Amino acid sequence: MSNIPKTYEPKKFEKEIYAAWERDKNFHTTADAPGAPFCIVIPPPNITGQLHMGHALDETLQDILIRWHRMKGDNTLWMPGTDHAGIATQAKVEESLRAEGTNRYELGREKFLERVWQWKEKFGNRISYQLRTLGSSCDWERERFTMDAGCSAAVRKVFVQLYNEGLIYRGRRITNWCPKCNTALSDIEVEHVDEQGHLWHLRYPFKDGSGYIEIATTRPETMLGDTGVAVHPEDERYKNLVGKTLILPLVNREIPLFADSYVDKNFGTGAVKVTPAHDPNDFEMGLRHNLEQVKVINNDGTMSDGLGKYSGLDRYTCREEIVKDLQAGGFLVKVEDHLHAVGHCSRCHTTVEPLISKQWFVKMETLAAPAIEAVKSGELKFVPERFTKIYINWLENIRDWCISRQLWWGHQIPAWYCDDCGETIVSETDVDECPHCHGKNLRREEDVLDTWFSSALWPFSTMGWPNETPELKKFYPTSVLVTGYDIIFFWVVRMVMMGLKFRGEVPFRHVFIHGLVRDELGRKMTKSLGNGVDPVEIIDKYGADSLRFMLVTGNTPGNDLRFYRAKVEAARNFANKIWNASRFLLMNLEGFDKNFRPTKDDLELADKWILQRLAYRIETVTENLERFELGEAARQLYELLWFNFCDYYIELAKTRLYGSDPRAKSTVLFVLTTILEGGLRLLHPFMPFLTEIIRQKLPNAQGSIMLAPWPKVDELKDFLDANDGTNDAADLIFNAVKIIRNLKSELGIDSRKKTAVVLKADDATDKKILAENLRYLTDLAFAEPITFAEEKPAHALSGLVDGVEIFLPLAGLIDTEKEIARLKKELDKLKNFSASTAAKLQNERFLSKAPAQVVQSEREKLSAAEEKISSLEQRINQLENL
RNA sequence: GGGGUUGUAGCUCAGAUGGUUAGAGUGCCUCGUUGACAUCGAGGAGGUCACAGAUUCGAGUUCUGUCAGCCCCACCA
């Protein structure tokens with residue numbers, strides 16, 4: 001029988017296995033295949049760069065669910081693809097152009113886009129390749145891109161319909177503007193960061209010379225655009241001043257003092273300067289009071305023309321100049337330190353400038369209502385549930401979505417402006433004549449759409465929508481969306497809204513949320529910190545299976561997890577353990593008859609025990625997968641395969657394996673292969689490569705493991721008997737093993753050295769179990785010879801398990817005092833426990849209110865403890881009288 | 001300002017619907033290389049489950065409050 005190398009070296013086989021899966025079309029899905037649909041659409045990675053640890057986690061979770069369902073026999077589709085990532089990708093390409101000494105404007109729109117497509121080709125492929133190295137079992141034949149023809153058609157259709165329904169509109173509004181990216185941003189693309197700034201107190205004189213009013217501002221440079229000063233209508237300090245005219249310092253513009261309830265009486269001086277063109281609140285107030293909008297800051301962050309010496313200055317340089325000039329003019333009262341939140345571009349971290357410009361918006365309120373309802377009704381569920389609150393809270397306070405971006409890379413907005421009659425035409429197909437005036441002077445809107453607009457359609461645009469494809473019918477709504485909590489607002493809510501709007505159904509039944517992967521110190525992995533760990537490098541060194549296993553164990557849904565190498569190594573060691581257990585089995589397969597099936601009578605305690613363990617884990621692992629508790633499922637498999645199978649069963653199997661009874665050997669081989677093969681299938685979703693390569697070598701399996709059936713308890717039913725006492729018996733034996741090992745260690749005896757053991761069992765059942773399985777004590781604890789005694793030997797170390805006393809007789813004298821001290825310590829512990837249990841059992845209320853089962857088990861515990869106590873006391877007595 | 005979340009062994013984390021004497025990985029200490037595995041085996045030390053109350057026969061687990069950390073949302077200039 002073929003054998004495998006001594007150590008687990010994933011690098012030697014992972015690539016090959018993946019290639020074989022792909023070659024054999026194991027990932028392939030058709031809509032008309034049998035089985036209930038199970039579908040996940042991948043959160044499309046950006047084509048900006050390469051796979052990072054966050055992707056590795058996201059893909060691993062998805063692949064586990066996908067592989068599990070595929071094995072379960074569901075018609076399983078994992079739709080792969082990538083995202084064009086408008087701003088981010090454009091910025092990357094512009095960066096590389098800068099390195100070449102040119103820029104996009106020199107290149108022109110068309111040439112520039114060619115460059116971006118080249119970039120897409122390169123990095124999109126790299127991402128797909130890296131997903132493969134992780135083992136992701138996507139249906140690659142269906143790979144999509146947010147800007148491919150199908151997605152583009154979907155985008156156009158959605159845009160036009162929303163426009164026609166009045167849900168998309170174009171308006172001149174104040175929006176967040178990034179002076180560096182040179183584009184508008186939506187509200188959620190702005191990150192607010194607390195910054196230590198200043199609060200400048202300024203005095204604005206009244207026109208009539210009757211003094212001045214003091215205002216406070218954090219942005220003095222915007223005063224050039226002030227067109228009013230506001231106070232609260234009920235502010236006694238200013239009540240009778242409202243309506244007066246002020247002279248704006250430095251500019252000498254006449255501006256009104258008016259009242260608006262927006263103003264907070266308690267902040268600053270209670271009087272606020274109003275700059276409608278550069279502050280969202282001032283903009284609103286400006287509309288309410290018909291104030292002029294004076295734009296003083298350009299899109300690039302410099303000061304506008306017509307501002308005299310300030311024109312052309314950078315906004316922050318200008319601030320310094322203004323402050324200087326205000327001070328010189330006697331308008332500056334004082335400067336205070338002030339901590340306040342400042343908006344930054346989430347992409348480049350430049351301070352955002354609120355500016356007035358013409359942008360396209362999506363009206364959110366009518367779209368949001370059904371999205372809220374879908375979650376409230378339970379049609380869509382978040383895992384963990386707590387995220388529903390965040391989701392609903394956000395949707396209930398939603399504001400219109402600015403979807404136009406002044407970029408080139410993205411879906412160009414399908415709108416045309418007629419220069420002849422001023423008409424705006426929005427159309428799914430390109431337009432070359434104005435339907436209104438038949439003029440030919442049409443200009444296409446240059447702006448592109450926010451990246452998330454196309455991402456929002458991903459669950460159905462990838463399935464062929466707007467055509468009613470078989471895929472759409474079969475797989476929509478998809479089953480689960482797996483994503484990080486950081487993009488719930490960006491993506492999840494928008495997919496839900498668009499899915500409900502255009503398909504009339506939620507895009508997915510469950511949203512499975514995971515946390516962020518952090519570094520060993522708990523910090524976010526970022527480029528600026530340089531603390532990112534490259535998954536490709538980890539895979540190269542430890543294997544994809546180890547990385548995957550590490551990413552799912554030891555964490556719970558929705559919580560962040562820390563990445564540290566020791567954890568990957570632990571996972572790798574687990575893989576190596578399985579590797580070697582398999583190696584052991586493979587080297588002992590001689591004489592294996594794959595048609596042999598033992599009868600129940602052939603099975604001994606260890607066989608029945610391990611088969612029951614497997615059956616139990618089939619149940620609990622499946623349950624945990626159903627609950628999305630992948631970490632717990634993985635933990636249980638670790639326990640089954642390492643502790644139960646390797647540490648106990650394999651050791652116990654050796655005697656019969658090397659023995660002379662052929663039927664016993666056949667039986668043990670059957671059990672070994674059954675457990676390993678079943679365990680591999682359970683483990684396959686987590687560690688696909690390792691389980692595949694090993695299972696292919698097993699004589700009791702055929703075909704790819706990824707297409708093998710998910711284990712069922714039913715497979716083992718011939719060997720299971722829930723009430724045969726197997727577990728109690730196994731507990732007794734294994735506890736006895738522990739005690740013998742323990743005593744040996746206490747005496748400094750080599751754990752593998754054969755040591756005589758004396759047993760004293762008063763209970764007939766216990767005695768029978770021990771007598772039938774003495775070999776296990778020899779195999780696991782190297783106890784030999786083992787004898788039964790009615791009396792406690794004098795010179796011996798002793799231990800207790802259930803009702804059984806275990807002695808290690810000593811040839812020479814034992815250190816009696818030390819042994820007494822040890823036993824007394826144990827006695828104390830037992831007495832404490834028995835006292836508290838006894839107290840519990842004397843408590844009337846416990847007896848009357850606790851379930852009978854609990855009371856009963858407490859009684860049993862107490863009597864067991866009392867038995868042990870008396871036995872220990874006897875023993876101590878005996879030793880003291882020596 | 002609102003909301004969320006975390007606080008369990010030196011470190012990183014599990015402990016679903018409250019019920020054995022609270023677990024794992026890693027680190028540490030002792031011992032062990034006669035063919036599955038030193039990426040290993042055996043044993044050990046190490047925890048008043050942040051703190052204070054409440055509910056309950058019973059709380060690491062439920063509730064309230066306090067302290068500490070992290071995160072998200074938010075138009076106080």
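Sequence lines set the chain letters: A, B, ... in the order given, protein chains first and strands last, and positions in each chain run from 1. Computed over heavy atoms, backbone and side chain alike; hydrogens, waters and symmetry mates excluded. Please read all numbers here as calculations on a predicted model, not as lab measurements.
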Exercise. What pairs with A/E860 under salt bridge (charged side-chain N to carboxylate O under 4.0 Å, His left out), at least two apart in sequence or on another chain?
Worked result: none
Exercise. Is the A/Y638 ring parallel, tilted or perpendicular to the A/W642 ring (thresholds 30°, 60°)?
Worked result: tilted
Exercise. How would you list all residue pairs meeting salt bridge (charged side-chain N to carboxylate O under 4.0 Å, His left out) that involve residues 738-752 of chain A, not counting sequence neighbours?
Worked result: A/E746-A/R822
Sub-3.5 Å pairs of nitrogen or oxygen atoms, protein against nucleotides 73-75 of chain B:
from	atom 1	to	atom 2	distance (Å)
B/rC75	OP1	A/R399	NH2	3.4
B/rC75	O2'	A/N281	ND2	2.6
B/rC75	N1	A/N281	OD1	3.0
B/rC75	O2	A/N281	OD1	2.8

For this session: Write down the distance separating the P atoms in B/rC28 and B/rC72, rounded off to the nearest Å.
Result: 36 Å
For this session: Sort and list the pairs that fulfil salt bridge (charged side-chain N to carboxylate O under 4.0 Å, His left out) and have at least one residue in residues 631-650 of chain A, not counting sequence neighbours.
Result: A/R613-A/E639, A/R617-A/E639, A/E632-A/R635, A/R635-A/E639
Problem set entry | Which residues share a ring-ring contact (aromatic ring centres under 6.0 Å, His included) with A/F689, sequence neighbours left out | A/W21
For this session: Give a yes/no on whether any side-chain N or O of A/K273 is located under 4.0 angstrom from OP1 or OP2 of B/rA77.
Result: no
Seminar exercise, completed: Residue set satisfying ring-ring contact (aromatic ring centres under 6.0 Å, His included) with A/Y238, at least two apart, ordered chain then number -> none
For this session: Determine, for nucleotides 17-31 of chain B in 5'-to-3' order, which nucleotides have protein heavy atoms under 4.0 Å from the base (write B), from only the sugar-phosphate (write S), or from neither (write -).
Result: --BSB--SB------
Ignoring hydrogens and angles, write down the donor-acceptor pairs under 3.5 Å from the side chains of residues 556-563 of chain A, residues two or more places apart or on other chains.
from	atom 1	to	atom 2	distance (Å)
A/T556	OG1	A/N559	ND2	3.1
A/N559	OD1	A/R386	NH2	3.2
A/D560	OD1	A/Y485	OH	2.8
A/D560	OD1	A/L516	N	2.8
A/D560	OD2	A/Y485	OH	3.1
A/D560	OD2	A/R518	NE	2.7
A/D560	OD2	A/R518	NH2	3.0
A/R562	NH1	A/E520	O	3.3

Problem set entry | Under the side chain to side chain donor-acceptor pair (under 3.5 Å) test, residues paired with A/H510 that sit two or more places apart | none
Exercise. Under 4.0 angstrom, heavy atoms only, what part of the nucleic acid is A/W642 near: base, sugar-phosphate, or nothing?
Worked result: sugar-phosphate
Exercise. What distance, rounded to whole Å, do you find between the two C1' atoms, one in B/rA24 and one in B/rC49?
Worked result: 16 Å
Problem set entry | Side-chain-base donor-acceptor pair under 3.5 Å for A/R572 and B/rU39 | yes
Seminar exercise, completed: A/T218 has its side chain closest, among B/rU5, B/rA14, B/rA77, to B/rA77
For this session: List in chain and number order the residues that pass side chain to side chain donor-acceptor pair (under 3.5 Å) with A/D260, two or more places apart in sequence or in another chain; answer none if no residue qualifies.
Result: A/R288, A/H289
For nucleotides 34-36 of chain B, list the nitrogen or oxygen atoms of the protein found under 3.5 Å from its nitrogen or oxygen atoms, one pair per line.
from	atom 1	to	atom 2	distance (Å)
B/rA36	OP1	A/K654	NZ	3.2
B/rA36	O3'	A/R583	NH1	3.0
B/rA36	O2'	A/N580	OD1	2.7
B/rA36	O2'	A/R583	NH1	2.6
B/rA36	N7	A/K654	NZ	3.4
B/rA36	N6	A/C646	O	3.4
B/rA36	N6	A/E651	OE2	3.1
B/rA36	N3	A/N580	O	3.1
B/rA36	N3	A/A581	N	3.2

Exercise. When you check the phosphate oxygens OP1 and OP2 of B/rC70, does a side-chain N or O of A/N559 lie under 4.0 Å from one of them?
Worked result: no
Exercise. With a 6.0 Å cut-off on ring centres, are A/W579 and A/F13 close enough?
Worked result: yes
For this session: Measure from NZ or CZ of A/K654 to the centre of the six-membered ring of A/F584, then state whether that distance is under 6.0 Å and the direction lies within 45° of the axis.
Result: yes
Problem set entry | Residue met sooner reading RNA chain B from 5', once A/T7 and A/V263 are mapped to nucleotides | A/T7
Exercise. Based on Watson-Crick and G-U pairs with both distances under 3.5 Å, what dot-bracket line describes RNA chain B 5' to 3', crossing pairs as [ ] and inter-strand pairs as |?
Worked result: (((((((..((((.....[...)))).(((((.......))))).....(((((..]....))))))))))))....
